[in-house]
Trainee: 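Quick one: the structure is below, questions incoming.
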Amino acid sequence: MRLLASALLTVSLAGIGSQAEAQPAQTLKVNYNLSLAGLPLGKADLSSTFTGPKYEMQGSVKLSGLVKMITGGKGAGTASGTIAGAQPQPRGFAVNTKSSGEQRVVRMALDEGNVAEVEVVPPIEAKEDRVPVKEADKKGVIDPLSALIMPAVASKSLTDQANCNRTIPVFDGGARQNIVLSYSETKTIKVPGYSGPVLVCNVRWVPISGHRPQRATVKFMQENRDMNVWLAPVEGPRVLFPIKVVVRTMIGMGELEAASWSVEGNGAAATAGRGTKGREPVRAGAGQ
């Protein structure tokens with residue numbers, strides 16, 4: 001479930017900062033249904049606000065029915081940062097999850113893609129077979145929520161198949177992994193609030209560190225070839241965002257599928273920018 005949930009939740013600009021503040025905001029709101037092996041599992045809500053090159057995200061997941069009774073599973077997270085080039089540059093990330101009576105809080109601050117500070121409460125249990133996380137594994141990374149934002153490849157249209165082909169370096173506070181996407185096909189989809197083309201991208205999960213390679217679930221996911229994400233375009237900030245995620249698990253197919261999709265506000269297209277020196281310091285929990 002942790003892997004499925006991850007599959008399913010920077011920079012101040014000198015010289016143009018005041019212009020970015022003046023740009024109108026645009027907010028994408030997506031409500032998802034979660035299912036596993038064809039059975040309803042719960043719901044997830046994501047809200048992403050884009051103001052110029054800056055973004056702020058809020059998300060929550062709540063399990064339902066028997067699963068909720070057994071695990072009490074729920075979670076909420078926030079992330080913020082800047083869209084710079086072909087990937088986000090997050091500044092703050094925080095997530096609070098609860099399942100089977102256990103609760104964990106992760107707070108992380110990043111600067112130009114490098115982890116500046118991270119706090120995990122309670123700490124992840126040390127295991128002899130766990131692959132150690134090196135300092136190099138915390139550089140050039142994206143948090144799990146920000147990883148859902150996929151800026152268009154420069155000069156390409158939002159539905160160009162090249163937008164599928166990317167590797168997303170994710171660090172969740174305890175483990176480092178690459179999410180490798182490749183183009184599969186283009187489909188037309190219709191959900192309340194959106195009707196049009198989506199890119200279907202094949203997904204591979206490649207663990208780097210923080211994982212336990214001998215665990216059956218890790219081996220299964222590492223060899224899993226039955227995962228894909230359907231990306232819908234968001235014209236204003238020129239990004240793609242998941243409208244559907246399909247992951248084969250050890251007990252059946254898991255799906256995260258949009259039940260509704262809305263874009264509010266008249267935000268102008270966000271412009272990717274480059275960070276400069278002299279930004280304010282970042283602190284863990286800055287994304288809250």
Trainee: If you compare all heavy atoms of Ile149 against all heavy atoms of Pro88, which two are closest, and at what distance to 0.1 Å?
Mentor: O-CG, 3.4 Å

Trainee: Using the salt bridge (Lys or Arg N to Asp or Glu O under 4.0 Å) criterion, which residues pair with Lys190? Sequence neighbours excluded.
Mentor: none

Trainee: Are Leu39 and Val247 linked, directly or through other ILVMFWY residues, by side chains that come within less than 4.5 angstrom of each other?
Mentor: no

Trainee: Is there a continuous path of hydrophobic side-chain contacts, each under 4.5 Å between heavy atoms, that joins Val30 to Val191?
Mentor: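 In one cluster: yes.
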
Trainee: Return each pair, listed once, that meets ring-ring contact (aromatic ring centres under 6.0 Å, His included) where at least one residue sits in residues 208-252; pairs must be two or more places apart or across chains.
Mentor: none

Trainee: Of Val229, Ile179, Asn228, which is the lone residue that meets side chain to side chain contact (heavy atoms under 4.5 Å, CB included) with Cys201?
Mentor: Val229

Trainee: Quick test of your reading: applying salt bridge (Lys or Arg N to Asp or Glu O under 4.0 Å), list the pairs with at least one residue in residues 153-170, sequence neighbours left out, ordered by first then second residue.
Mentor: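 Sorted pair list comes back empty.
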
Trainee: What distance do Glu255 atom CD and Ser35 atom OG have between them, rounded to the nearest 0.5 Å?
Mentor: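 Reported value, rounded in 0.5 Å steps: 4.5 Å.
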
Trainee: Tell me the closest heavy-atom pair linking Gly174 and Ile124, and the distance in Å.
Mentor: CA-CD1, 3.4 Å

Trainee: Just verifying a value: how many Å separate Arg225 CZ and Met227 CE, rounded to the nearest 0.5 Å?
Mentor: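 Here the interatomic distance stands at 8.5 Å.
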
Trainee: Go through Leu46 and Gln58 one step at a time and tell me if the side-chain contact (heavy atoms from CB on, under 4.5 Å) criterion holds.
Mentor: CA-CA 6 Å; Leu46 281 170; Gln58 295 182 332; over 6 Å; no

Trainee: Would the distance check show the side chain of Asp111 and the main-chain N or O of Asn114 forming a donor-acceptor pair, the cut-off being under 3.5 Å?
Mentor: no

Trainee: Which heavy-atom pair separates Asp143 from Pro90 by the least distance, and what is that distance?
Mentor: OD2-CB, 3.1 Å

Trainee: Identify whether Ile189 and Leu181 are in the same connected component of the hydrophobic contact network (ILVMFWY, side-chain heavy atoms under 4.5 Å).
Mentor: yes

Trainee: Measure across Ile168 and Ala147 and return the closest heavy-atom pair with its distance rounded to 0.1 Å.
Mentor: CG2-CB, 3.8 Å

Trainee: Using a 4.5 Å cut-off between side-chain heavy atoms of Ile, Leu, Val, Met, Phe, Trp and Tyr, which other residues end up in the same hydrophobic cluster as Ile208?
Mentor: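 Other cluster members: Val180, Val206.
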
Trainee: Sorted by first residue and then second, give each ring-ring contact (aromatic ring centres under 6.0 Å, His included) pair with at least one member in residues 154-175; sequence neighbours left out.
Mentor: none

Trainee: Is the shortest side-chain heavy-atom distance between Val198 and Leu231 below 4.5 Å?
Mentor: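 When only atoms from C-beta onward are counted, Leu231 and Val198 do not touch, as no gap falls below 4.5 Å.
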
Trainee: Taking C-beta and beyond as the side chain, do Arg107 and Glu119 meet within less than 4.5 Å on heavy atoms?
Mentor: yes

Trainee: To the nearest 0.5 Å, what is the distance between CG (Leu63) and CG (Leu34)?
Mentor: 7.0 Å

Trainee: Does Leu148 share a hydrophobic cluster with Val200, counting links as ILVMFWY side-chain heavy atoms below 4.5 Å and allowing steps through other members?
Mentor: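 Shared cluster, yes.
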
Trainee: Can you name the nearest heavy-atom pair linking Pro213 to Val131, along with the distance?
Mentor: CD-CG2, 3.8 Å

Trainee: Pair Gln177, Asp172 - check side-chain contact (heavy atoms from CB on, under 4.5 Å), show working.
Mentor: CA-CA 9 Å; Gln177 53 256 307; Asp172 63 10; 4.0 Å; yes

Trainee: Compute whether any side-chain donor of one residue and acceptor of the other, for Asp137 and Ser209, lie under 3.5 angstrom apart.
Mentor: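 Result is yes, a qualifying pair exists.
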
Trainee: Are the side chains of Val170 and Asn178 in touch, meaning some heavy atoms are under 4.5 Å apart?
Mentor: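 SC-SC contact between Val170 and Asn178 ruled out.
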
Trainee: So, using side-chain hydrogen bond (donor to acceptor under 3.5 Å, both in side chains) as the criterion, who are the partners of Asn202 when residues are at least two apart?
Mentor: none

Trainee: Does the side chain of Gln26 come within less than 4.5 Å of Val263's, by heavy atoms?
Mentor: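 Contact flag for Val263/Gln26 side chains = yes.
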
Trainee: Got Thr78 and Glu56 here, is their nearest side-chain heavy-atom distance under 4.5 Å?
Mentor: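 Answer no - side chains too far apart.
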
Trainee: Go through the structure and list residues passing salt bridge (Lys or Arg N to Asp or Glu O under 4.0 Å) with Arg248, not counting sequence neighbours.
Mentor: Asp226

Trainee: Would you please test Val61 and Lys43 for side-chain contact (heavy atoms from CB on, under 4.5 Å) and show each step?
Mentor: CA-CA 6 Å; Val61 177; Lys43 296 183 179 297; over 6 Å; no

Trainee: Check whether Leu110 and Val118 end up in the same hydrophobic cluster, where Ile, Leu, Val, Met, Phe, Trp and Tyr are linked by side-chain heavy atoms less than 4.5 Å apart.
Mentor: yes

Trainee: For Tyr32 and Ser260, test the side chains for any donor-to-acceptor distance below 3.5 angstrom and give the result as yes or no.
Mentor: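 Side chains of Tyr32 and Ser260: no pair found under 3.5 Å.
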
Trainee: When you compare the side chain of Thr249 with that of Leu36, does any pair of heavy atoms fall below 4.5 Å?
Mentor: yes

Trainee: Evaluate the side-chain proximity of Pro207 to Gln222: yes if any heavy-atom separation is below 4.5 Å, no if none is.
Mentor: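 They are in contact (side-chain heavy atoms under 4.5 Å apart), so the answer is yes.
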
Trainee: Salt bridge between Glu125 and Lys127, side-chain N to carboxylate O under 4.0 Å?
Mentor: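 Between Lys127 and Glu125 there is a salt bridge, with a charged N closer than 4.0 Å to a carboxylate O.
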
Trainee: Does the side chain of Leu158 come within less than 4.5 Å of Glu235's, by heavy atoms?
Mentor: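 A side-chain contact under 4.5 Å exists here.
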
Trainee: Verify, without hydrogens or angle tests, whether Asn31 (side chain) and Asp45 (backbone) share a donor-acceptor contact under 3.5 angstrom.
Mentor: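 No, the answer is negative, given that no donor and acceptor are paired below the 3.5 Å cut-off.
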
Trainee: Any side-chain to backbone donor/acceptor pair from Arg104 onto Val120? Under 3.5 Å, distance only.
Mentor: no

Trainee: Suppose the criterion is salt bridge (Lys or Arg N to Asp or Glu O under 4.0 Å): which pairs have a residue in residues 26-38, not counting sequence neighbours?
Mentor: Lys29-Glu264

Trainee: Checking one residue: Val121. Which other hydrophobic residues are in its cluster under the side-chain 4.5 Å linking rule?
Mentor: none

Trainee: Phe50 vs Ile83, test: side-chain contact (heavy atoms from CB on, under 4.5 Å). Steps then yes/no.
Mentor: CA-CA 9 Å; Phe50 304 92; Ile83 296 174; 3.9 Å; yes

Trainee: In chain order, what residues pass the salt bridge (Lys or Arg N to Asp or Glu O under 4.0 Å) check against Arg212, with sequence neighbours excluded?
Mentor: Asp129

Trainee: Grab the two heavy atoms, one from Gly77 and one from Leu145, that are nearest each other, plus how far apart they are.
Mentor: C-CD1, 3.6 Å

Trainee: Let me confirm one number: the OG-NZ distance from Ser80 to Lys54, rounded to the nearest 0.5 Å.
Mentor: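 It is 10.0 Å, given to the nearest 0.5 Å.
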
Trainee: With sequence neighbours excluded, what pairs up with Glu135 under the salt bridge (Lys or Arg N to Asp or Glu O under 4.0 Å) test?
Mentor: Lys138

Trainee: Give me each pair satisfying ring-ring contact (aromatic ring centres under 6.0 Å, His included) with a member in residues 180-199, each pair once, sequence neighbours excluded.
Mentor: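 Passing the test, one end in residues 180-199: Tyr194-Trp261.
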
